[in-house]
K.L.:
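Please find one structure pasted underneath; my questions will follow.
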There are 2 protein chains.
Amino acid sequence: MEDDSLLESFWAVTRRLRERTKITLEPWHVSPSQSRALGVLSRHGEVRLSVLAERLHIAPRSATEVVDDLQERGLVERKPDPTDRRATLVALTPGGVATAAAIHEARATEGERLFAGLDPADRTELARILNLLREAR
Amino acid sequence: MEDDSLLESFWAVTRRLRERTKITLEPWHVSPSQSRALGVLSRHGEVRLSVLAERLHIAPRSATEVVDDLQERGLVERKPDPTDRRATLVALTPGGVATAAAIHEARATEGERLFAGLDPADRTELARILNLLREAR
DNA sequence: CCTCATGGTGAGGTAACCTCAGCGTATCGT
DNA sequence: ACGATACGCTGAGGTTACCTCACCATGAGG
């Protein structure tokens, strides 16, 4: 009963978060999954496509697709890996760096008002509990 | 920075929740979206398709699809609404009632171990904070 | 009774995933 | 040195869970 409503609450909050994310990203015409990839790339720099996939928790084939789209928009580029000719390195272009930074900024101010609305103590609590859930087996 | 990891944590937990839900539902060959519909129907009984859509936060057209699938599996049935011949009522069949109950049971025991792993105080805290987030404008 | 609104659905589209097979490249055992 | 095996990426094609738009039948108001 209680768990039931917990799950429901979780689901409701997730939905709101998704809606907000979508709205925040609109100005850049970047989808949520693309923005996640930009985030990984700006945190890790140049990485192999397979590593990108791993960080995003998606199949390598799916990463190929995300990278295709970002490349078409000129936000990332593929380079050969000098140490392994099978592999491709993916890196942000200058435009990609700028976009990633702008999005990061926007999320911090606009998008996450949801969390910002909590008082600091509650935010800490929430973070603690989420990390418990994250690591529970 | 802190909000960033909050968002990330939230996302990670959501993913784990989705994985678990999928696994829990496997024995019944019911998809997550179908199970949500079964849940609504077992809580509300017979409802109009449009009401079902509203409860699920999806477009009426999408509800049509979910109901199609559930009907094919014999878990729900469509009946004419005696008060409005345009409308269709959707109701669980006896099999649907049984399946919905079984799934509810399974989620309470198996699926939500994630939350069950928290101690009761943390569960209460989490519920309180999630409800704040839910209602924040 | 004529107009306009409403409930459901066919047609067709999208995002974000997936698997499977294949091609080219690397690595390892003998 | 070389053949078998494993790995990195991508083409082809599929799935899930949504969406909008147009339409049809029915209902409700002036």
K.L.:
In degrees, rounded to 10°, what is the bend between the two ends of the helix from C:dC1-D:dG30 to C:dT30-D:dA1, using five pairs at each?
P.N.:
10°
K.L.:
Regarding A:Arg128 and B:Glu125, does a basic nitrogen lie under 4.0 Å from an acidic carboxylate oxygen?
P.N.:
no
K.L.:
With hydrogens left out and only the distance checked, is there a donor-acceptor pair under 3.5 Å joining A:Arg86's side chain and the base of D:dC7?
P.N.:
yes
K.L.:
Could you pick out which residue, A:Asp69 or B:Leu89, lies toward the 5' side of DNA chain C when each is mapped onto its nearest nucleotide?
P.N.:
B:Leu89
K.L.:
Inspect the contact between A:Arg78 and A:Asp68 and indicate whether a charged nitrogen and a carboxylate oxygen are less than 4.0 angstrom apart.
P.N.:
yes
K.L.:
Would you say CD of A:Gln71 has more than 12 non-hydrogen atoms from neighbouring residues, nucleotides or ligands within 6.0 angstrom?
P.N.:
yes
K.L.:
So what does A:Ser50 hit on the nucleic acid, given a heavy-atom distance under 4.0 Å: a base, only sugar-phosphate, or nothing?
P.N.:
sugar-phosphate
K.L.:
What's the NE2-P distance between B:His29 and D:dT15, to the nearest Å?
P.N.:
16 Å
K.L.:
Taking CZ from A:Arg61 and P from D:dA12, how many angstroms apart are they, rounded to a whole number?
P.N.:
9 Å
K.L.:
Any idea how A:Phe10 and B:Phe10 line up, ring-wise: parallel (<30°), tilted (30 to 60°), or perpendicular (>60°)?
P.N.:
parallel
K.L.:
Within the side chain of B:Ser42, is there an N or O that forms a donor-acceptor pair under 3.5 Å with the backbone of B:Ala100?
P.N.:
no
K.L.:
What integer distance in Å separates B:Leu52:CG from D:dC18:C1'?
P.N.:
14 Å
K.L.:
Look at A:Arg78 and D:dT10 and indicate whether a side-chain polar atom (N or O) is within less than 4.0 Å of OP1 or OP2.
P.N.:
yes
K.L.:
Nearest whole Å is fine: how far is D:dC18 P from B:His57 NE2?
P.N.:
11 Å
K.L.:
Looking at A:Asp81 and A:Arg86, is any side-chain nitrogen of the basic one under 4.0 Å from a carboxylate oxygen of the acidic one?
P.N.:
no
K.L.:
What does A:Thr64 touch in the nucleic acid at a heavy-atom separation under 4.0 angstrom: a base, only the sugar-phosphate, or nothing?
P.N.:
base
K.L.:
Could you work out, with salt bridge (Lys or Arg N to Asp or Glu O under 4.0 Å) as the rule, every residue matching B:Lys22, not counting sequence neighbours?
P.N.:
none
K.L.:
So, is B:Arg85 near the phosphate of D:dA28, with a side-chain N or O under 4.0 Å from OP1 or OP2?
P.N.:
no
K.L.:
Any chance you could lay out the side-chain hydrogen bond (donor to acceptor under 3.5 Å, both in side chains) test for B:Thr21 and B:Arg107, step after step, and finish with the verdict?
P.N.:
CA-CA 8 Å; B:Thr21 298; B:Arg107 306 201 89 195; 2.9 Å; yes
K.L.:
Where each residue is assigned the nucleotide of DNA chain C containing its nearest heavy atom, which of B:Ser62 and A:Asp84 is assigned the position nearer the 5′ end?
P.N.:
B:Ser62
K.L.:
Side chain of A:Thr88: nearest nucleotide among D:dG27, D:dC19, D:dC9?
P.N.:
D:dC9
K.L.:
Distance under 4.0 Å to a non-hydrogen atom of chain A counts as contact; along DNA chain C, which nucleotides mark the start and end?
P.N.:
C:dA16 to C:dA26
K.L.:
Over how many whole Å does the gap from B:Arg18 atom CZ to D:dT15 atom C1' extend?
P.N.:
15 Å
K.L.:
Is there a donor on the side chain of A:Arg48 or the base of D:dG8 sitting less than 3.5 Å from an acceptor on the other?
P.N.:
no
